Amino acid sequence: MRASRLFMPTLKEDPSDAEAASHKLLVRGGFVRQFASGIYIFLPLGWRVIERVNRIIREEMDAIGALELSMPTIHTADVWQQTGRYYDIGGEMFRLKDRSGRDMVLAMTHEEVFTWLASRELRSYRELPQIWYQIQLKFRDETRPKGGVLRVREFLMKDSYSFDADAEGLEVSYAKHIQAYDRIFERTGLRFHRVDSDPGMMGGAQAHEYMAPSPAGEDRVAVCSSCGYAGNIELARSVARAPEGSVSEVLEEVPTPGQRTIRQVSEFLELPASSLIKSLLVVTGEERVLALVRGDQELHQRKLERHLQREVRPAHPEEVEEATGAEIGFIGPLGVDVRIVADESLAPTGPGGARAYVTGANKAHTHLLGVMLGRDVDPEYADLREAQEGDSCVECGSALTVEPTIEVGNIFKLGTKYSVALGATVLDEDGVEIPLVMGSYGIGPARIAAAAVEQSHDEKGIVWPKSIAPFDVHLVQVHATDEEQTRVAAHLYEALGEEGWQVLWDDRDERPGVKFKDAELIGCPVRVTVGRRAAEGVVEVEPRGGDQSRREVSVDELPEVVSELWRLAD
RNA sequence: CGGGACGUGGCGCAGCCUGGUAGCGCAUCUGCUUUGGGAGCAGAGGGUCGGAGGUUCGAAUCCUCUCGUCCCGACCA
């Protein structure tokens, strides 16, 4: 591709509304433009990146026997009503009516329609397994689009669905997806973790997420570098550190005027936060539940919900006073008539052993010293706390790290929820009608691109992984009007193209500095510069990333040098 | 949905507090010069200040409403 013919609107300055590195660079580099909040245009360069990602996805999906097809993005409401999601999902779903007043929705995902198709077309266990996929638009009216292309309202997703006769079959389809996904993310050049993830409130089924570490990420994962255990913070288990300090085992009220937060109480009583217990009242339906975690830990609401099997919300201040007789900041587990759930690290069998802590006294401006769980109050125990950096791995005992990540893919064992709701059944070998056992698997190509930029850029611009760069080689002709340079550049453009490289030939009549800056911003893996020594048959070549420096080579040996640099790249 | 900020030529910004009908840099167009790191000089075009209403002799500037965008939080099948 000649740059003079390419629509490649680069910018010198960061767009004012961009925060994330990938957002700034993808806009500046002429890859994307924002159309509205959370709705993006992919320009030629950006689309080339997406297409390269998609190609990798297709190759690996095809390799596990998945079949590509294309589903509608405008759905009738009825299938969504049959699975109940029409009612369960709130404002996140775009809803509309057709001209005759029929309720329609824009596709947020495609379980319903894939299952609808399966219900019509699959009849026998002999036709199984089936894995169908598409690379198709999804629409979600996010409450808060952010991070450029990272969290948007309309986006491309590769989604696949597996249909099996039984749980064993699902295991196989799921394992195939793990294989394909591992390959896909390796090939895109991302650093990533496959982590245990929350299968949702329905419970039971298994799920994993593919997470690319990045400060721009919205999810956090706990990772053990030693044994490879990795889990989304929403469910990651860990062994808490032992609490510090000690508290007399004699129950004693102490006045703590105005000391409401853990930090205030900790400083006031001169005790470490891990010697305190944080008491949090939540409401679930009509029930009140008091959750206890150690002062140096955080309650994870999803974990509590999973334990209670219900959604919860923090109690309002009036509800706290009604249930405990005290204000927020002074409540505790003793003498309250509600269900009490404590984090397992507080159990007498936990890392602190049977020991005393400080809690609120359920009395204004008063705390209680010497509270022992098991002796003074007997709560149920569950894993309620967020895994923290410095906790130990439950598998091997090594230290866990916690890092922010971008979710680039996920895989779910759905079971029969959708097949039962939509009547997707086949006959088994005994002629008995059985519901299909399904899995659902997603990948966000644009998130892969954005995560790659997040993970691989410098102050000059993007450093694309070689597999998804918009072009392999950026051929910079320093002077567009120099005939010798044009001759050499044209020759190289052709020669490299014949060897299969995707080449961007910058033949624009721009000043050299402009071309160099653009080349660095756009970030193709190898740059070839045709400049002052072109007449002698000498050009320069250098990789965009890595520590290889610029070198001069003869035109004849250039293709070989490009291949060499390519092998060293990433 | 709660909190915060911002909306001024294509892009990035100043002007607003202390009202007097708009300015800078980049980009664009023309000419000349220049050509290995986002060129120089000269000239030109382009905005009515997100929108509506109000206050005022007069509003980019003050007030009200509204729309849009971003950030933090909540939310995220």
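Below, read A as the first sequence line, B as the second, and so on, with proteins coming before strands; counting in each chain starts at 1. Quick caveat, the model's predicted, so the values are computed rather than measured.
- At B:C72, one or more side-chain N or O atoms of A:Lys146 fall inside 4.0 Å of OP1 or OP2 (strictly under the cut-off).
- The residue A:Arg527 sits close to a base: some heavy atom pair falls under 4.0 Å.
- Across all strands, A:Pro145 comes closer than 4.0 Å only to sugar-phosphate atoms, never to a base (heavy-atom distances).
- Nearest to the side chain of A:Lys517, among B:G37, B:G36, B:C71, sits B:G37.
- Pair assignment for B:A44 gives B:U28, based on Watson-Crick or G-U wobble hydrogen-bonding distances that are each under 3.5 Å.
- Within residues 27-41 of chain A, the residues having any heavy atom closer than 4.0 Å to RNA chain B are, in order of number, A:Arg28, A:Gln34, A:Ala36, A:Ser37.
- Nucleic acid contact for A:Gly147: sugar-phosphate only, since backbone atoms but no base atoms lie under 4.0 Å from a heavy atom of the residue.
- Between atom CE of residue A:Met93 and atom CG of residue A:Asp88 there is a gap of 9.5 Å, rounded to the nearest 0.5 Å.
- When the C1' atom is compared between B:G10 and B:C1, the two are found 35 Å apart, to the nearest whole Å.
- Comparing B:U33 with B:G46, their C1' atoms sit 26 Å apart, to the nearest whole Å.
- Residue A:Thr529 places no side-chain N or O under 4.0 Å from the OP1 or OP2 atom of B:G36.
- Heavy atoms of A:Glu540 sit under 4.0 angstrom from at least one base atom.
- Nearest to the side chain of A:Asp518, among B:A77, B:G12, B:G38, sits B:G38.
- A close approach under 4.0 Å does occur between a side-chain nitrogen or oxygen of A:Arg511 and OP1 or OP2 of B:A39.
- Scanning atom types as modelled, one donor and one acceptor separated by under 3.5 angstrom connect the side chain of A:Thr143 and the base of B:A74.
- Each of B:G37, B:G12, B:U34 was ranked by its minimum atom distance to the side chain of A:Glu13; first place goes to B:G12.
- Across all strands shown, A:Arg313 has no heavy atoms under 4.0 Å from either base or sugar-phosphate atoms.
- Separating the CZ atom of A:Arg144 from the P atom of B:C1 is a distance of 14 Å, rounded to the nearest angstrom.
- Atoms CG and CG, on A:Leu436 and A:Asp164 in that order, are 8.5 Å from each other to the nearest 0.5 Å.
- Ionic pairing of A:Lys138 and A:Asp159 is present here: one or more N-O contacts between side-chain nitrogen and carboxylate oxygen are shorter than 4.0 angstrom.
- Annotation: cation-pi geometry not satisfied between A:Arg447 and A:Tyr210 (NZ/CZ under 6.0 angstrom from ring centroid, within 45° of ring axis).
- Considering only side-chain atoms of A:Glu19, the nucleotide from B:C71, B:U69, B:A27 that sits closest is B:C71.
- Taking only distance into account, the side chain of A:Asp14 never meets the base of B:G12 through a donor-acceptor pair shorter than 3.5 Å.
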